[in-house]
Amino acid sequence: MAIKFRGVDFIEFDTLLSEEERLVRDTARQFIEDNLIPIIEECNRAGRFPRELVKPMGALGFFGASLKGYGCAEMSNVEYGLVMQELERGDSGVRSFVSVQSALVMYPIYEFGSEEQKQTWLPAMQSGEKLECFGLTEPDFGSNPGGMRTRARKSGNEYVLNGEKMWITSGSIADVAVVWAKVEDEDNKVRGFLVETDRPGFRAEDIHGKWSLRASVTSSLSLQDVRVPASNLLPKSGGLKSPLMCLNQARYGIAWGAVGAAMACYDCALQYSLFRKQFHDAPIASHQLVQEKLAWMINEITKGQLLILQVGRLKDQEKVGHQHISMAKRNNVWMALECARLSRDILGANGVADEYPIFRHMANLESVKTYEGTHDIHTLIIGQSVTGIDAF
Ligand SMILES: Cc1cc2nc3c(=O)[nH]c(=O)nc-3n(C[C@H](O)[C@H](O)[C@H](O)COP(=O)(O)OP(=O)(O)OC[C@H]3O[C@@H](n4cnc5c(N)ncnc54)[C@H](O)[C@@H]3O)c2cc1C
């Protein structure tokens, strides 16, 4: 039986949103309902990124949505977050694509780039004409990117880059990569480079066999003596703080997105529990243990909604700290994963079939728990914030 999403709002959360915010959310919701939901299970089975949705998403202003100028939609951070919630309600892989495009590539160009770089790239990325990836993680350095081995060396009016990047979303479909490297001539300071992916020496290979984010492309990047003009350096990038600022943007979107995935699982499980009958011809929703699961989920989803809305409001007032975003990412992804597991349980055997979206969300959320700072790394960030002691 096909279950149609009805939205999740236990405490009149919608009254905390402005009319414009609700309009943005509803537009994204309708887009996902009409365009992604009908194809996502096929994409997930085939391990196919639904590239046909890129231009339509660009036309709706989803890429670089909260940036100002350059054709961007100039949404508030809360509006942008609500878009991410709806995208991830559809699929975490599609939300990941938009996160990379917006927070991990358009944002650093906007924040650290020259005016020429902004003019060249941002309008084309906003429309979805140009696709991008963000190369920070390496085979031996994930949680600790400061250890990276990728190097850039100045040679005349060029930089020469060498290194390997791993687990890079959209790597093989990107037109340009933001590659983070230590610059040998600058005391190994970490800086960002725009590397067009058709440059000699650049290679992207897809990682196959993923059980998670199957509708998203994940690749390894290899750079062997890749030469880029010095003008491809992001001039205002400097130090590990720069990529971490990008990650902060992306984590903010993830914390909204996780609420969307949790809402999808919960609403599906709730509807299923009302029509599935076991014992005395009664719906399973009438059993106390099933109700306990539903009550736990709506409780945690509601708390997650309030947490990320407050973080979004702080962000819109330019008062947000990275520790606030870490708390929202950590809590909401954990919460969503727990909701996916409980929902899967409520569906019994049907919970493992892709006729329903739950197992896909559950598998996706395992990656979301790990990327952009693992759950435990965010624990350490919060611990550092409250104690003043770095325990990494
Ligand atoms: C599908 C997918 C897409 C991704 N996309 C991108 C992308 O586009 N660009 C990009 O740059 N990266 C990307 N990543 C990489 C991702 O950011 C890393 O996987 C993540 O940072 C964790 O690194 P790791 O996998 O090397 O795990 P590790 O760092 O090896 O961690 C393994 C375990 O050790 C724990 N651990 C590590 N250090 C500590 C510590 N000090 N204290 C306590 N516990 C610790 C971790 O919490 C974790 O549980 C992606 C990953 C996935 C799965």
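In listed order, ligands and their atoms are each counted from 1. Count residues from 1 along the sequence.
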Exercise. At what distance is the nearest protein heavy atom to atom 49 (O) of ligand 1, and which residue and atom is it?
Worked result: Asp376 OD2, 4.5 Å
Exercise. Is there a donor-acceptor contact under 3.5 Å linking the side chains of Thr218 and Lys210?
Worked result: yes
Problem set entry | Flag: protein heavy atom within less than 4.0 Å of atom 46 (C) of ligand 1 | yes
Exercise. Are Tyr272 and Phe275 close enough that their ring centers fall under 6.0 Å?
Worked result: yes
Problem set entry | Under 4.0 Å to a heavy atom of Ile168 - the qualifying atoms of ligand 1, by number | 7 (C), 8 (O), 9 (N), 10 (C), 11 (O)
Exercise. How about atom 36 (N) of ligand 1: does it have a protein heavy atom within less than 4.0 Å?
Worked result: no
Exercise. What residue and atom, counting heavy atoms only, is the protein's closest point to atom 39 (C) of ligand 1, and at what distance?
Worked result: Ile377 CD1, 4.0 Å
For this session: Indicate, as side chain, backbone, both or neither, the part of Ser367 found under 4.0 angstrom from ligand 1 when only non-hydrogen atoms are considered.
Result: side chain
Exercise. Taking heavy atoms and a distance under 4.0 Å, where does Thr169 meet ligand 1: side chain, backbone, both or neither?
Worked result: both
Problem set entry | Met327, CE: over 12 other non-hydrogen atoms inside 6.0 angstrom | no
For this session: Consider ligand 1: state whether an atom of it lies below 4.0 angstrom from any non-hydrogen atom of Leu380.
Result: yes
Problem set entry | Option whose closest heavy atom lies nearest to atom 14 (N) of ligand 1, chosen from Trp180, Trp167, Phe97, Phe134 | Trp167
For this session: For atom 27 (O) of ligand 1, grab the closest protein heavy atom and report residue, atom and distance to one decimal in Å.
Result: Ser143 OG, 4.2 Å
Exercise. For atom 2 (C) of ligand 1, what is the nearest protein heavy atom, given as residue, atom name and distance?
Worked result: Tyr371 CD2, 3.8 Å
Problem set entry | Protein residue, atom and distance nearest to atom 10 (C) of ligand 1, heavy-atom basis | Thr137 OG1, 3.3 Å
Problem set entry | Structural part of Lys210 in contact with ligand 1, heavy atom criterion under 4.0 angstrom | neither
Problem set entry | atom 33 (C) of ligand 1 touched by protein heavy atom at under 4.0 Å | no
Problem set entry | Heavy-atom nearest neighbour in the protein, as seen from atom 20 (C) of ligand 1, with distance rounded to 0.1 Å | Thr370 O, 3.5 Å
Exercise. Among all protein non-hydrogen atoms, which one is nearest to atom 23 (O) of ligand 1, and what is the separation to 0.1 Å?
Worked result: Gly142 CA, 3.2 Å
Distance-only check: which donor-acceptor pairs under 3.5 Å involve side-chain atoms of residues 259-270, not counting sequence neighbours?
{"residue": "Asp267", "atom": "OD1", "partner": "Arg6", "partner atom": "NE", "Å": "3.1"}
{"residue": "Asp267", "atom": "OD1", "partner": "Arg6", "partner atom": "NH2", "Å": "3.0"}
{"residue": "Asp267", "atom": "OD2", "partner": "Arg6", "partner atom": "N", "Å": "2.9"}
{"residue": "Asp267", "atom": "OD2", "partner": "Gln271", "partner atom": "NE2", "Å": "2.9"}

Seminar exercise, completed: Nearest non-hydrogen protein atom to atom 48 (C) of ligand 1, with distance, is Thr374 CG2, 4.1 Å
